[in-house]
Amino acid sequence: MKHDNLHQLLDTWFAAHARDLPWRSPDCTPWGIMVSEFMLQQTPVARVLPLWQEWLQRWPRPADLAAEPSGEAVRSWGRLGYPRRALRLHAAAAAIVSEHDGEVPDSFDELLRLPGAGNYTAAAIASFAFGKRETVVDTNIRRVQARAIRGRALPEPALTAAESELARDLLPSDPAAAVRWNASTMELGALVCTAKAPKCGQCPLLGSCRWVAEGRPEPHYQPKGQSWHGTDRQVRGALMAVLRVSDVPVPSGVLLDPAAEHPAAGAGTALRKLHSLQADASQLERALNGLLQDRLAEQTADGVQLPG
DNA sequence: AAAACGTGGCA
DNA sequence: TTGCCAAGTTT
């Protein structure tokens, strides 16, 4: 196979430098791996670690999570970010109970049907939990391949057909070798071939990297930043922070009115933070309606709360 | 198919 | 301090 040398180089490097992550332990269950994959979506390993431990201790099997109201999942998600992932993981657990007899399915197609599992997550679970030969394509793998093979500084802004085709071509035909390739390429992207300030001096592919060979050309586009300050997202986040820590339903008036008295129990600090954003009434309402529509929160006679 | 979706660490 | 960026998915 073309690029066979890369596989060998990465295998050797991975054996020596892979992080000892709990979801890579031989006795980690498919469910443990699945939880890690959901938590790791757009989220660094360091922030996932403690929460993953908590979740697996509390909900060691899909059925354990499925038995709880979705609001418990959202509350336990804490400040990990993108709380709808908690909702989807909860829904996925319910689907596993109702459609797969409580066992995480082992095929890409079945995994892909679970809420919150897209192409990356379905392939990752099939590969890492079940040893299947699946092409895993995440941002790390795309960046490593963009540099080493295509000679680019960065992967394309969105996954292209060419990138997918390259990733498929590079995947070893032996399933066990494919799993190692997936894991080691991802790890290289996370630890060495990073987005900014890559540590090329430590890279096992230094001698075969096309980007390095071509003098490390600049990116051919300007990555556009993610806005945050003053956005609806920021207000949603602040709203969620209030609901997560409140012991009781929070009257929508208290949420929407900066001058409201009687903050909800335990939510004082989060409420002050929300109001300090000085969002206008329409933005607050839009953000709250979004949460209700997404079922991240629900409205009762007593106020707004996490789904119970 | 572009845009929305959280959060915190680091330079 | 501001902006970048992180194991993506959904509509």
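Nothing here was measured: the structure is a model prediction, and the numbers come from that model. Proteins get letters first, then strands, A, B, ... in listed order; numbering begins at 1 in each.
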Taken to the nearest whole Å, CG/A/Asp232 to C1'/B/dG6 is 13 Å
Take atom OH of A/Tyr82 and atom C1' of C/dG8, then tell me their distance rounded to the nearest Å.
8 Å
Remember a base hit wins even if backbone is also touched, and classify A/Leu80 as base, sugar-phosphate or nothing at under 4.0 Å, heavy atoms.
base
Salt-bridged, A/Arg88 to A/Asp294, with N to O below 4.0 Å?
no
Do any side-chain nitrogens or oxygens of A/Arg79 fall under 4.0 Å of OP1 or OP2 in B/dG8?
yes
Of all the nucleotides listed (B/dG8, C/dA7, C/dA6), which has the minimum atom distance to the side chain of A/Gln226?
C/dA6
Taking only the side-chain nitrogens and oxygens of A/Gln42, find out if one of them lies under 4.0 Å from OP1 or OP2 of C/dA6.
no
When you measure from the side chain of A/Arg47, which nucleotide among B/dG8, C/dC5, C/dT9 comes out closest?
B/dG8
Could you verify whether a donor N or O on one side chain and an acceptor N or O on the other, from A/Glu37 and A/Tyr120, lie under 3.5 Å apart?
yes
A/Glu214 atom CD, neighbour heavy-atom count above 12 within 6.0 Å:
yes
Out of B/dG6, C/dA7, C/dA6, whichever nucleotide has its closest atom nearest the side chain of A/Pro44
C/dA6
Could you give the distance separating B/dG8 and C/dT1 at their C1' atoms, to the nearest angstrom?
15 Å
Using a 4.0 Å heavy-atom cut-off, does A/Arg142 contact any base of the nucleic acid, only the sugar-phosphate backbone, or nothing at all?
nothing
Atom CG of A/Leu291 and atom P of B/dA4 are separated, to the nearest Å, by 16 Å
Students often get this wrong, so: under 4.0 angstrom with heavy atoms, is A/Gly81 touching a base, only sugar-phosphate, or nothing?
base
Which is true for A/Asn119 with a 4.0 Å heavy-atom rule: it touches a base, it touches only sugar-phosphate, or it touches nothing?
sugar-phosphate
Looking at the base of B/dG6, is there any donor atom on it, or on the side chain of A/Thr43, that sits under 3.5 Å from an acceptor on the other one?
yes
Kindly check if the number of other-residue, nucleotide or ligand heavy atoms within 6.0 Å of NE2 (A/His229) is above 12?
no
Whole angstrom value for the distance that separates P of C/dT1 from CH2 of A/Trp228
18 Å
Considering every strand and a 4.0 Å limit on heavy-atom distances, what is the contact class for A/Thr139: base, sugar-phosphate, or nothing?
sugar-phosphate
Is any side-chain N of the basic residue among A/Glu187 and A/Arg24 closer than 4.0 Å to the acidic one's carboxylate O?
yes
Winner on side-chain proximity to A/Tyr120, out of C/dA7, B/dC5, B/dG8, is C/dA7
Using a cut-off of 4.0 Å on non-hydrogen atoms, how would the nucleic acid contact of A/Leu296 be classed: base, sugar-phosphate, or nothing?
nothing
Could you tell me how far B/dA1 sits from C/dT10 if I compare only their C1' atoms? Round to whole Å.
12 Å
Rounded to the Å, how far apart are A/Asn140 CG and C/dC5 P?
13 Å
DNA chain C: 5'-proximal contact among A/Ala195 and A/Ala122 (nearest heavy atom)
A/Ala195
Nearest whole Å is fine: how far is C/dT10 C1' from A/Arg113 CZ?
18 Å
Rounded to whole Å, CZ of A/Arg143 lies from C1' of C/dC4 at a distance of 12 Å
Treating A/Trp77 as the side-chain partner and A/Gly81 as the backbone partner, does any N or O pair qualify as donor plus acceptor under 3.5 Å?
yes
Return the nearest nucleotide to the side chain of A/Arg236; candidates are C/dA7, B/dG6, C/dC5.
B/dG6
Residue-phosphate contact under 4.0 Å: A/Lys224 side-chain N/O, B/dA2 OP1/OP2
no
Of A/Glu37 and A/Gly116, the one whose closest nucleotide on DNA chain C sits nearer the 5' end is A/Glu37
Rounding to the closest angstrom, what is the interatomic distance between C/dA6 and B/dC5 at atom C1'?
14 Å
Do A/Asp64 and A/Arg58 touch side chain to side chain, with heavy atoms closer than 4.5 Å?
no
Hey, does A/Trp77 reach any base, or is it just sugar-phosphate, or nothing, if we go heavy atoms under 4.0 Å?
nothing
Distance-only donor-acceptor test (3.5 Å): side chain A/Arg88, base C/dT10
no
Please classify the nucleic acid contact of A/Arg233 as base, sugar-phosphate, or nothing, using heavy-atom distances under 4.0 Å.
base
Of the nucleotides B/dC5, C/dG8, C/dA7, which one has an atom closest to the side chain of A/Thr121?
C/dG8
Please report, rounded to the nearest Å, how far the P atom of C/dG8 is from the CD1 atom of A/Ile125.
13 Å
Distance check, P atoms only: B/dA11 and C/dA7, in whole angstrom units.
15 Å
